[in-house]
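In what follows, chains are A, B, ... by sequence order, proteins preceding strands, each numbered from 1. Note that the structure is a prediction, hence the values are computed from the model and not measured.
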Protein chains: 2
Amino acid sequence: MTTKYNLVKETIKSWIVEGKVAPHQKIMSENELVEHFSVSRHTVRQAIGELVNEGWLYREQGRGTFCAYREHLRRKHTDKMIGIVTTYISDYIFPSIIRGAESFLSSKGYSIILASTNNQIEEEKNCLQTLLGKNIDGLIIEPTRSAMYNSNLDYYLQLEANQIPYVMINATYPQLQPPSLTMDDELGGYIATKHLIDSGHKQIVGLFKTDDLQGVNRMKGFVRAHREHQLPITPSTIISFNTEEKEWKPQQELRELLSAKGSRPTGIVCYNDQIAISLLDVTRELKLRVPEDISMVGYDDSLLAEASEVKLTSIKHPQTIMGEEAAKMLLDIIEGKADRQTLPPVVYKPELVIRKSTQRV
Amino acid sequence: MTTKYNLVKETIKSWIVEGKVAPHQKIMSENELVEHFSVSRHTVRQAIGELVNEGWLYREQGRGTFCAYREHLRRKHTDKMIGIVTTYISDYIFPSIIRGAESFLSSKGYSIILASTNNQIEEEKNCLQTLLGKNIDGLIIEPTRSAMYNSNLDYYLQLEANQIPYVMINATYPQLQPPSLTMDDELGGYIATKHLIDSGHKQIVGLFKTDDLQGVNRMKGFVRAHREHQLPITPSTIISFNTEEKEWKPQQELRELLSAKGSRPTGIVCYNDQIAISLLDVTRELKLRVPEDISMVGYDDSLLAEASEVKLTSIKHPQTIMGEEAAKMLLDIIEGKADRQTLPPVVYKPELVIRKSTQRV
DNA sequence: TACGCCATTTTGTACGTACAAGTTCAAATA
DNA sequence: TATTTGAACTTGTACGTACAAAATGGCGTA
């Protein structure tokens, strides 16, 4: 899908969406675009041709190419539509979050447009661009790779320029300071780790995904718990990974760690339940019993935690409630009941749910 | 106006209008057209490109260019939005179905509007009304209470009047005969029951939700399996319930049945995995072990089946594949590659997945 | 000042080439 | 027999060239 003419097309579309060109304003001539993109005129014409067909531009022979006046750019009447952008749609706790938002919004007569980024910055850009082209009243967004530099900030600023309110859940981009609903992940990581320490564990390994803020914060809590209890943190104590690696790296590193000679860790703190479940395969393979030989704490208290072979001790995530309250907050802003500048961030306190995957040493 | 590409375009259009090429029939290849009109390939592509845009033709890379089936007047402006109406959004297998549709549709540049009916006819009406008010290109619908009289048929006829194509999944309203993707639930119920019969079970109880066609068909299969194996069907052999009762009635009736004096059933066929899981609580309560004391077959092969205490023998449901193929079928209709009148229904064959919840008597 | 002319710029039409990518089907291979 | 390979054909992307047709604006002339 990443052809040259598509690149040209998307770039020009982004100029329109971001307001760099106003309706009826002339854009660069074909020859200038040829220069600008270093492609042939044929390619430029192909890109422009499609944009004309889709109603973004119109051409006049001899005069130039112009930005079309798009009826729905002037947002007079509302379609009562809310966009929801999450990293995933069908996996893990996301269906529950979406359900919370959906049930509230539909009870208020709003429709939901769904989009997912698969935790790819590039896809987040596509989502935002698409949604900016529609007449939506507001957005609920779960940030993509919130711990890394995000090149889509322009689109968020564009949302604000277009007076489209949005709230963020699970994490926020620190540069934006939008209204948000998050967990206190630092405290969650602390509680999970402290639970193991209080149960007598001295060698605990933590596995965290560090390309989003949730993982980074959970790791911070993990470190603080160690500090406060005078437990050392060795290089092998923390295994970090990113989205691409989540299917193999934690498993592989843990396997190496547990099969190494010397003293073996007796406790594991996991980034989330999904990782914890996948690590159960590793412990089974190494003939280590959970929790007799090794204790394990998950995070999010998802369905998986209760449905797995060994029911997981985990940290509760508000899920449906977060979705519902995010929707409520968004509608408050849309209806003028609240002001996005002064709205205090909602922070949910984590709670430990003790099940069968942890025990005293 | 009498340019070369216009001549080519009008000539090809006339072939269609005069019926020299039928819908879905391949027209000359680009090279043949180059020969035929003595023009360059560029000119041919320009002509065909416009005809594709106007909905007269469609192209398939590697196969050729085809005459579109066009009953559509090609609405002026498309927002590239597809509505998805399901009974539930976040529960059970629905996230997987939605993901399949979402990933395909978003790769084709479409957005998704989600709505759920919670299996309430009244809410289905609201959904359809809302969606009819938006400029959507098509709909994927999972019928609500498909086994009962549906008072929203008018809205579906309205969809057809507005030339908004739709496909149905999981079940169809028999009066409408829309393009559909369903499972052979009768066969599924038969296979589930036969599996128990073949394992030596003689007293089998079936629990079915009978306000949707899936449940009714699964029950039919259950009955046929009994007939074909000369097993009697007593009043207590089948427990039926509807959506409102699903939280308590199957559990309560099974509890009564199992605690009654006399011979106890040794096998249970469930409407779906959700019910099966909830019945595990009943058997545990009555101190009956699964599968040692009683075998149990679920349906849909959901995540639950593999994640539960006792891993469930179940019937496979296509889930993501069904979502994806429903989306594909819908786009084919929208683009004129297929027409709703002649499109054959897709019926998935059920498959038995044997796990730990069943064994020989 | 008003008008016509013309060079310049811009999009439109039309030709050409080359290679990539997907489909089909028959021949070769295991 | 079933599977793989590959040639042939189809549409897709991308480069190039040339000239036509429409709009614009500056210049000289009436």
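Taking the side chain as every heavy atom from C-beta outward, B:K194 and B:L352 never approach each other to under 4.5 Å.
Between B:R45 atom CZ and C:dC15 atom P the separation is 15 Å, expressed in whole Å. When the P atom of C:dT11 is taken as reference, atom NZ of A:K26 falls 6 Å away, rounded to whole Å. Atoms CD1 (A:I48) and P (C:dT10) sit 12 Å apart, rounded to a whole Å. Counting to the nearest Å, the C1' atom of C:dT9 and the CG atom of A:N31 are 9 Å from each other. Nucleotide D:dG12 holds its P atom 20 Å from the CG atom of A:L7, rounded to whole Å. We find that CD of B:E50 is positioned 8 Å from P of C:dT13, with the value rounded to whole Å. Distance, B:F37 CZ to C:dT13 P: 17 Å, rounded to whole Å. Rounded to an integer number of Å, the gap from B:N6 CG to C:dT13 P is 8 Å.
Between A:R59 and C:dT10 there is no side-chain N or O to OP1 or OP2 distance below 4.0 Å. Taking 4.0 angstrom as the limit, A:T65 places a side-chain polar atom (N or O) nearer than this to OP1 or OP2 of C:dT11. Between A:R63 and C:dT11 there is no side-chain polar atom (N or O) within less than 4.0 angstrom of OP1 or OP2.
Relative orientation of the B:H229 and B:Y190 rings is tilted, given thresholds of 30° and 60° on the angle between their planes. Classified by interplanar angle (parallel below 30°, tilted 30° to 60°, perpendicular above 60°), the ring pair A:Y58/A:F66 is parallel.
Of the candidates C:dC15, D:dT10, C:dG12, the closest approach to any side-chain atom of A:Q61 belongs to C:dG12. Comparing C:dC15, D:dA14, D:dA18 by their closest approach to the side chain of A:T3 singles out D:dA14. The side chain of A:H42 has D:dC15 as its nearest neighbour among C:dA14, D:dC15, C:dG12. For B:T43, the listed nucleotide lying nearest its side chain is C:dA14; candidates were D:dT13, C:dT10, C:dA14. Side chain of B:K4, nearest nucleotide from C:dT10, D:dC15, C:dC15: C:dC15.
In terms of position on DNA chain D, the residue among A:S40 and B:G64 whose nearest nucleotide sits closer to the 5' end is B:G64. Nucleotides of DNA chain D nearest to A:S38 and B:E30 differ in position, and the one nearer the 5' end is that of B:E30.
None of B:K349, B:R218, B:R224 except one satisfies the salt bridge (charged side-chain N to carboxylate O under 4.0 Å, His left out) rule with B:D185; the exception is B:R218.
B:K13 has a carboxylate O that lies under 4.0 Å from a charged side-chain N of B:E10, or vice versa, which qualifies the two as a salt bridge.
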